[in-house]
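So the structure is just underneath, and the comments pick up after that.
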Amino acid sequence: MSDNNKKKPEYGANNIQALEGLEAVRKRPGMYIGTTDSKGLHHLVWEVVDNSIDEHLAGHCDTIDVTILPDNSIRVRDNGRGIPVGMHEKLQKSALEVVMTVLHAGGKFDKDTYKVSGGLHGVGVSCVNALSTLLKAEVHRGGKIYTQEYSQGKPQTEVKEVGTTDVTGTIITYTPDGEIFDTLEYKYEILAIRFREMAFLNKGLTINLEDQREAQDGKEGKKKKETFYSEGGLIEFVRYIDQSRTPIIDSPIYVEGKEDNVEVEVAMQYNTSYSENVHSFVNNIRTTEGGTHVAGFRRAVNRVFAKYADENGLFSKLKFKVSGEDFREGLTSIVSVKVPEPQFKGQTKGELGNSEVTGIVSRAVGEAIGHYLEENPKKAKMIIDKVIIAATARHAARKAREMVQRKNVLTGTGLPGKLSDCSSKDPVESEIFLVEGDSAGGTAKQGRDRHFQAILPLRGKILNVEKAMEHRIYENEEIKNMFTALGVSIEDKDGERVLNTEKLRYHKIVIMCDADVDGSHISTLILTFFFRYMRELVEQGYVYIAAPPLYQVKKGKKAAYAWNEEERKALVMEYSGGVEEDKSIKIQRYKGLGEMNDEQLWETTMDPTRRTLNQVTIMDALEADNVFSMLMGEEVPPRRKFIEENAVYANIDA
Ligand code: 0RA
């Protein structure tokens with residue numbers, strides 16, 4: 001795109017504010033990018049790309065190219081306006097240098113445009129610079145090409161004019177610093193998933209992703225390249241998310257509106273499943289905990305459908321009240337808002353707080369659904385029929401749930417017979433292991449510290465929560481056991497289900513499954529269950545996944561464990577002293593928990609001083625839910641595609 005932004009005043013180099021130095025970022029990177037693990041490493045890409053997205057939102061950029069270079073460096077190229085290069089008078093430096101070396105100097109004070117950068121990610125491209133051994137900025141602007149290079153945030157060159165050009169844009173190439181990050185390996189899939197989402201959220205924007213690294217161990221397969229582009233935006237996004245579900249109306253309901261500088265875009269689709277699926281975004285950033293925009297959306301759905309059903313006498317035969325949830329069963333929706341100054345709150349800053357947004361979204365969505373129902377009476381009837389079925393089922397579920405919860409009160413302690421409880425009654429120090437299979441459960445029971453560790457064996461595959469109606473869930477033995485062992489219950493509050501966690505008996509809930517395909521399938525299933533029915537426990541950080549080792553390497557009396565391929569190789573090297581084929585080294589591949597004895601299970605997987613526990617985030621649970629509905633859903637093609645694409649991983653145990 002050319003630099004033809006005539007309406008707005010030319011951006012002056014002086015507008016860029018200077019705030020803080022980059023030393024602070026290197027000293028305490030966690031404060032700025034959250035973590036220094038793989039998540040933090042990928043955060044750097046979001047930070048740079050967010051700036052390019054801002055150029056798109058301001059109407060100046062339609063293409064972004066992201067390349068993973070052979071050495072795990074990243075290059076992001078956009079065709080936006082290019083970072084300004086004029087002199088910043090106060091600092092007596094080029095604006096480019098200020099943007100790249102001064103914290104929070106994004107320099108975009110245009111209040112009419114929405115900014116992604118400065119939002120949740122919000123630390124600016126200078127942070128990326130501070131955390132890179134090498135960064136090169138190349139700017140195409142005003143017919144000229146300028147470059148500057150930095151190391152750990154410090155300029156290594158002046159801003160140099162190096163040529164002429166007839167395009168505009170910015171190219172940032174950076175190499176993350178190994179002194180800062182625990183890992184330097186970029187994961188293609190993580191980038192691909194986010195860019196696919198960004199393309200859906202920004203219709204008309206093209207994002208090209210290319211991986212130029214050599215294939216690793218044949219594992220990552222060939223070099224990869226993909227283009228993400230969506231003509232239909234959110235309408236295509238809901239269809240994509242629901243590809244493994246069966247729709248009950250042929251095309252999604254679409255809403256677009258704007259009020260007081262807040263833009264609202266929503267697409268929604270009813271399907272034959274039993275769960276509600278809301279994906280919400282603010283300025284392109286996913287809000288995993290929802291917030292005022294989601295509240296406004298729900299309010300509109302409940303209000304408008306209820307009004308329509310009442311006015312048309314569709315609820316006249318019902319003997320009980322229809323709740324808000326019934327209107328949203330089997331509803332997949334995407335709620336995307338653009339807010340000039342978003343306030344994020346909640347534990348992970350994943351919840352929108354701006355109160356004015358609720359009414360704005362509710363009005364826009366209410367009006368659109370109202371029109372839709374008036375214009376499509378046949379579809380309206382189909383949706384209301386589904387709502388009635390949902391209400392009837394929920395009525396039955398409530399009865400089943402009350403039966404289960406009452407029974408527990410009647411049978412003494414109320415705890416399931418299969419639970420080997422711990423002796424401590426203090427939830428803060430208590431842990432419960434949900435263990436796949438009775439035999440592994442037995443080993444865990446032998447190996448545990450019974451003072452604070454409880455064991456609940458789960459038999460086989462728990463009920464398929466995607467396909468089951470809610471009342472069937474409460475009849476399932478394994479699921480009942482989980483509710484009663486954990487001490488949580490589902491209650492109705494103003495017609496909505498809420499999980500009461502006041503009597504939660506353990507503050508660590510550890511899912512412990514075999515390290516094979518079946519085991520990962522079962523953990524996916526359990527996570528899906530938590531996501532749907534006990535989401536609060538995930539949000540509050542109580543849920544973990546145990547990490548049993550994959551190998552034991554032994555030589556004579558020496559033995560040690562390995563959790564991955566590299567550790568296994570390192571141990572073999574250590575024990576053999578570099579001898580290529582040392583026959584006295586024995587390697588045992590653990591296929592299941594059952595292959596370890598109680599002592600081994602304790603020292604590798606359960607002992608708090610030696611084990612690794614992975615805390616489950618709401619994103620992990622969401623992903624499990626997606627994978628799961630795809631694997632278990634009714635539509636065959638996406639499942640087949642998934643299995644084919646993941647066959648390399650699925651066969652590791654063959
Ligand atoms: C400061 C001001 C303007 C744009 C940018 C920075 C900018 C930063 C990045 C980072 C990657 N790509 C980028 N593109 C632009 C506004 C420029 C103007 O008003 O002309």
Side-chain angles (χ1 to χ4, degrees), residues 1-19 22 43-67 73-91 93-119 121-132 135-150 153 159 165 167-174 191 195 198 202 205-208 283-284:
M1 271 186 188
S2 63
D3 200 349
N4 60 354
N5 179 28
K6 295 213 177 67
K7 277 172 278 161
K8 287 170 192 154
E10 176 60 21
Y11 182 88
N14 293 324
N15 293 355
I16 294 169
Q17 256 180 0
L19 288 169
L22 291 186
H43 196 123
L44 302 183
V45 185
W46 315 146
E47 207 57 66
V48 180
V49 171
D50 280 355
N51 281 280
S52 306
I53 297 269
D54 282 350
E55 287 295 290
H56 171 74
L57 292 176
H60 301 285
C61 163
D62 66 4
T63 308
I64 304 172
D65 302 321
V66 181
T67 311
S73 295
I74 296 285
R75 185 174 66 215
V76 179
R77 178 211 310 261
D78 66 51
N79 62 351
R81 284 168 291 186
I83 302 176
V85 290
M87 194 56 112
H88 188 287
E89 265 166 26
K90 231 195 274 156
L91 296 178
K93 279 177 189 165
S94 161
L96 172 61
E97 183 170 329
V98 176
V99 167
M100 298 308 303
T101 60
V102 180
L103 210 51
H104 303 298
K108 287 164 276 180
F109 293 105
D110 215 346
K111 280 230 170 156
D112 302 333
T113 59
Y114 307 105
K115 290 170 285 288
V116 188
S117 59
H121 295 149
V123 283
V125 67
S126 60
C127 266
V128 179
N129 196 13
L131 303 176
S132 298
L135 185 145
K136 181 178 175 193
E138 180 177 322
V139 172
H140 291 234
R141 196 176 159 99
K144 300 214 169 82
I145 305 173
Y146 306 87
T147 64
Q148 187 171 33
E149 284 178 23
Y150 318 82
V159 174
T165 178
V167 297
T168 65
T170 305
I171 307 167
I172 304 275
T173 311
Y174 69 89
L191 300 181
F195 293 153
M198 281 183 166
N202 298 282
L205 173 68
T206 300
I207 305 179
N208 296 303
N283 299 357
N284 285 318

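All of these numbers come straight from a predicted model, not from anything done at the bench. For ligands, and for the atoms within them, numbers begin at 1 and follow the listed sequence. Basis for what follows: all heavy atoms, side chains included, without hydrogens, waters or symmetry-related copies.
- The distance from the OG atom of S73 to the OH atom of Y174 is 9.0 Å, given to the nearest 0.5 Å.
- For the atom pair CG of L205 and CD1 of I53, the computed distance is 5.0 Å after rounding to the nearest 0.5 Å.
- Taking 4.0 Å as the cut-off, R141 counts as a neighbour of ligand 1 on heavy-atom distance.
- The ligand atoms of ligand 1 that sit less than 4.0 angstrom from a heavy atom of R81 are 16 (C), 17 (C), 18 (C), 19 (O), 20 (O).
- Once rounded to the nearest 0.5 Å, the distance linking CD of E138 with CZ of R75 reads 9.5 Å.
- Ligand-side atoms of ligand 1 in range of E55: 4 (C), 14 (N), 15 (C), range being under 4.0 angstrom from any heavy atom.
- Neither side chain, Y146 nor Q148, offers a donor N or O lying under 3.5 Å from an acceptor on the other.
- Contact analysis puts D78 in contact with ligand 1, with a non-hydrogen atom separation below 4.0 angstrom.
- Of the inter-residue distances, the one linking N129 atom CG with I172 atom CD1 reads 8.0 Å to the nearest 0.5 angstrom.
- For the pair P84 and ligand 1, a heavy-atom separation below 4.0 Å is found.
- Those atoms of ligand 1 with a heavy atom of N51 less than 4.0 angstrom away are 9 (C), 10 (C), 11 (C).
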